[in-house]
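Working notes for the structure below.
Scope of the values below: all heavy atoms of this structure, side chains included, with no hydrogens, waters or symmetry mates.
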Amino acid sequence: MPEHSGASLTIQRVQPYERRGIAVTSSAINADGYIDDRYSAYFDDQVPGLSWSAVIEARSYVLIVEDPDAPMDQPFVHWLLWNIPGEATEIPAGLSRTSHPPELAGAVQGHNSAGATGWHGTKPPEGHGVHHYHFQLFALTDPLDLPPKTTLNELVDVLKGQAIASGEVVGLCERKAAGPDPLPGEPAHGAARDAELGRGGLDTDDADRHAPHDPDGVVKRRA
């Protein structure tokens, strides 16, 4: 497997008709630029919220979240969401992981790189360094008539003809490698800490190679 994907992000592949940018922000990203643990698949795996500056001409928006630092041929897709209403200026935190989330009338959620619907929490491999999560937003001239199983490449092909503006915000996440065993009386860390809290080991069939859960599949937040 490659050390990093090396492939282009969607925002590098799509040139909107206008050169206006969309100002995108998220309360999930702290002042240092890091995404809070609660949005990580290692912990609570909550769905982050997002807000942006309005594009008056927009009739819909598309959100694509990619991690280009994943050890894969292509960036890991963490979220695909389209047909966000044109009058909307935010995605509420905790959005339902369904193909048609009721919180956003008419919106459609696609599949992430793990094959599930909606947001896939941040989950960089241990010791792999800082990963950059690109929350890319596109304003479109019309809603899209696409099914939930639409792939990223199919979505990008449509964006190339309908995007009128774009913007992004980048959040960081890192899973540091376990250091030497703690001295007597010191708390465990890394993999040892996971074992202490009852989390499972690595999942070989998991696309980004980590298991944030206990043996029963329950996600546990680090104490």
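Sequence neighbours left out, the pairs with a member in residues 52-63 that pass salt bridge (charged side-chain N to carboxylate O under 4.0 Å, His left out) are Arg20-Glu57, Arg59-Asp142. The salt bridge (charged side-chain N to carboxylate O under 4.0 Å, His left out) analysis of residues 60-79, with sequence neighbours excluded, yields no pairs. Listed by first then second residue, pairs satisfying ring pair (Phe, Tyr, Trp, His ring centres under 6.0 Å) with a partner in residues 136-165 number zero, not counting sequence neighbours.
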Side-chain atoms of residues 47-54: list all donor-acceptor pairs with protein atoms under 3.5 Å, sequence neighbours left out, distances to 0.1 Å.
residue, atom, partner, partner atom, Å
Ser51, OG, Thr25, OG1, 2.8
Trp52, NE1, Ala88, O, 3.2
Ser53, OG, Ala23, N, 3.0

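Scored by the side-chain contact (heavy atoms from CB on, under 4.5 Å) test, Ser27 finds no partners at all (sequence neighbours excluded). Tyr34 pairs by the side-chain contact (heavy atoms from CB on, under 4.5 Å) definition with Asn30, Asp32, Val130, Leu172, Glu174, not counting sequence neighbours. Listed by chain and residue number, Trp82, Leu144, Thr150, Leu155, Val158 satisfy the side-chain contact (heavy atoms from CB on, under 4.5 Å) test with Leu146 (two or more places apart in sequence, or in another chain). Considering only residues two or more places apart in sequence or on other chains, Arg97 meets the salt bridge (Lys or Arg N to Asp or Glu O under 4.0 Å) condition with Asp45. Under the rule for a side-chain hydrogen bond (donor to acceptor under 3.5 Å, both in side chains), the partners of Asn153 that lie at least two apart in sequence or sit in another chain are Arg13. When the side-chain hydrogen bond (donor to acceptor under 3.5 Å, both in side chains) test is applied to Ser96, the partners found at least two apart in sequence or on another chain are Glu103. Judged as a side-chain contact (heavy atoms from CB on, under 4.5 Å), and not counting sequence neighbours, the contacts of His134 are Leu9, Pro68, His132, Gln136, Glu168, Val170. Listed by chain and number, the residues in a side-chain hydrogen bond (donor to acceptor under 3.5 Å, both in side chains) with Glu154 are Thr151 (sequence neighbours excluded).
Counting heavy atoms from C-beta on, the side chains of Gln46 and Ser40 never come closer than 4.5 Å. Annotation: side chain of Asn112 is not in contact with side chain of Leu80 (no heavy-atom distance under 4.5 Å). Put simply, the side chain of Thr117 reaches to within 4.5 Å of the side chain of Gln109, judged on heavy atoms. At a threshold of 4.5 Å between non-hydrogen side-chain atoms, the residues Asp44 and Asp37 do not count as touching.
Side chain of Tyr42 to backbone of Pro124: a donor-acceptor contact under 3.5 angstrom is found.
In this pair, Trp119 and Phe135 present their aromatic rings parallel. The plane angle is below 30°, not in the 30 to 60° band.
Using modelled atom types and a 3.5 Å distance limit, the side chains of His128 and Glu3 yield a donor-acceptor pair.
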>> Under the criterion side chain to side chain contact (heavy atoms under 4.5 Å, CB included), I'd like the reasoning laid out for Tyr133 against His78: C-alpha separation, chi angles, the key distance, then a yes or no.
In response: CA-CA 8 Å; Tyr133 296 83; His78 282 262; 3.3 Å; yes
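Both Val108 and Leu159 are assigned to one and the same hydrophobic cluster, defined by single-linkage of ILVMFWY side chains at heavy-atom distances under 4.5 Å.
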